[in-house]
Each structure stands twice: as C-alpha cells, then as structure tokens.
Amino acid sequence: MEYDARYIEKDDLSALREVDGLLAREGLQRDAHLDRTLGLYDGQNRLVATGSAFANTLRCLAVDQALQGEGLMARVVTRLMEDLFYAGISHVFVYTKPEAEKLIADLGFYPIVRVPGSLSFMENR
C-alpha cells in the first residue's frame with residue numbers, strides 16, 4: 001500500500017487533533033515542545049502513523065494499532081532522521097515506551113536510560 005508522508009503545520013488544528021487522537025489510542029500525548037510533526041497518510045487520507053522531533057530528539061511516535069508490524073514506524077523514523085541529518089543533526093535521541101524499545105533498537109538506537117514501566121531514552125551512537 002502507498003502512504004503519503006507530509007509535515008503537519010503547527011496551525012493545522014484539524015490535523016493536530018488527528019495526531020492527538022492517534023497518540024491517545026497508543027497511550028501517548030503530544031509533547032508541547034516540538035519543532036516538526038510528520039504524518040503518514042493512507043490512500044484515503046487517514047492518518048496511520050506519526051512522529052515528531054524537537055531539536056535532536058524524536059518524540060510522539062505512534063502507529064495505528066491495526067497497521068503495526070507493517071514497517072510504518074521505520075518509515076516515520078527514517079524520514080525524520082533524514083530531515084535532521086540534512087539540518088546538520090546526526091546525534092539523535094528518542095523517547096519511547098519500554099515496550100517499543102526493541103523496535104526502536106532495530107532502527108539503530110541504543111538504550112541509555114530506562115525508567116521501568118514509564119520510558120526508555122535511547123540514542124543512535
């Protein structure tokens with residue numbers, strides 16, 4: 001299936017509500033400190049995955065439950081990483097839920113701090 005990746009403008013309240021809904025369904029909430037938010041949309045213009053960046057950290061990563069395991073998180077993280085790289089940022093950190101640590105590790109990140117039952121803080125070096 002084809003997916004369209006596009007950045008969501010900070011004043012696009014409708015799209016941000018979709019992001020908030022997807023994050024909430026995955027037990028997350030949108031961080032107040034974000035430089036950019038990427039949305040991955042299916043052929044029916046439905047938000048199916050999202051991720052954001054603030055400075056050199058990736059945050060608010062989520063994939064629709066029905067599509068998990070389809071490689072969408074890798075697409076979101078790869079696109080965000082490419083854009084950070086082009087902005088001159090190569091050392092990147094990720095905040096993630098402990099249950100997503102393995103998936104993020106498979107994308108080249110290593111845990112540096114774990115808060116059991118709460119979060120994992122990872123880096124790409």
(request) Evaluate the side-chain contact (heavy atoms from CB on, under 4.5 Å) criterion for residues Thr96 and Leu61: first the C-alpha distance (whole Å), next the side-chain angles of each, then the deciding distance (0.1 Å), finally the verdict. (result) CA-CA 8 Å; Thr96 189; Leu61 300 166; 5.5 Å; no
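- Taken to the nearest 0.5 Å, the CZ atom of Arg6 stands 9.0 Å off from the CG atom of Asp12.
- To the nearest 0.5 Å, atom CG of residue Leu38 and atom CD1 of residue Ile8 are 7.5 Å apart.
- Ring geometry for Phe121 versus Phe93: interplanar angle under 30°, hence parallel rather than tilted (30 to 60°).
- For the pair Leu107/Val94, no side-chain contact is recorded, criterion being any heavy-atom separation below 4.5 Å from C-beta on.
- Under the 4.5 Å side-chain criterion, counting only non-hydrogen atoms from C-beta, Arg30 is not in contact with Thr50.
- Transitive grouping of hydrophobic side chains (ILVMFWY, heavy atoms separated by less than 4.5 Å) brings Leu16 and Leu28 into a common cluster.
- In terms of hydrophobic clustering, with Ile, Leu, Val, Met, Phe, Trp and Tyr side chains grouped at heavy-atom distances under 4.5 Å, Tyr86 and Leu80 are assigned to different clusters.
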(request) Could you please spell out the steps behind the side-chain contact (heavy atoms from CB on, under 4.5 Å) verdict for Phe85 and Val92? (result) CA-CA 9 Å; Phe85 179 77; Val92 179; over 6 Å; no
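- Side-chain contact of Asp83 with Tyr7: a donor-acceptor pair under 3.5 Å is present, judged by distance alone.
- Salt bridge status for Lys97 with Glu99: present, with a side-chain N to carboxylate O gap under 4.0 Å.
- When atom types are taken as modelled, the side chain of Gln68 and the backbone of Val63 share a donor-acceptor pair closer than 3.5 angstrom.
- When each of Thr57, Thr37, Asp31 is paired with Ser52, the side-chain hydrogen bond (donor to acceptor under 3.5 Å, both in side chains) condition holds for Thr37 and for no other.
- How far CG of Asp35 is from CZ of Arg59: 9.0 Å, rounded to the nearest 0.5 Å.
- Atoms CG and CE, on Leu58 and Met81 in that order, are 6.5 Å from each other to the nearest 0.5 Å.
- Taking CE from Met122 and CZ from Arg114, the interatomic distance works out to 7.5 Å, rounded to the nearest 0.5 Å.
- Under a hydrophobic clustering in which Ile, Leu, Val, Met, Phe, Trp and Tyr are joined whenever their side-chain heavy atoms come within less than 4.5 Å, directly or via other members, Val19 and Leu40 fall into different clusters.
- For the atom pair CG (Leu34) and CZ (Phe54), the distance works out to 8.0 Å, reported to the nearest 0.5 Å.
- Listed here is the closest heavy atom pair of Arg125 and Ser90: NH2-OG, 3.2 Å.
- Tyr95 and Ile89 fall into different hydrophobic clusters, where Ile, Leu, Val, Met, Phe, Trp and Tyr side chains are chained together by heavy-atom contacts under 4.5 Å.
- Considering only heavy atoms from C-beta on, Arg25 comes within 4.5 Å of Leu22 through its side chain.
- Residues Leu67 and Leu47 do not share a hydrophobic cluster, clusters being chains of Ile/Leu/Val/Met/Phe/Trp/Tyr side chains in contact below 4.5 Å.
- At most 12 non-hydrogen atoms from other residues, nucleotides or ligands lie less than 6.0 angstrom from NE2 of His33.
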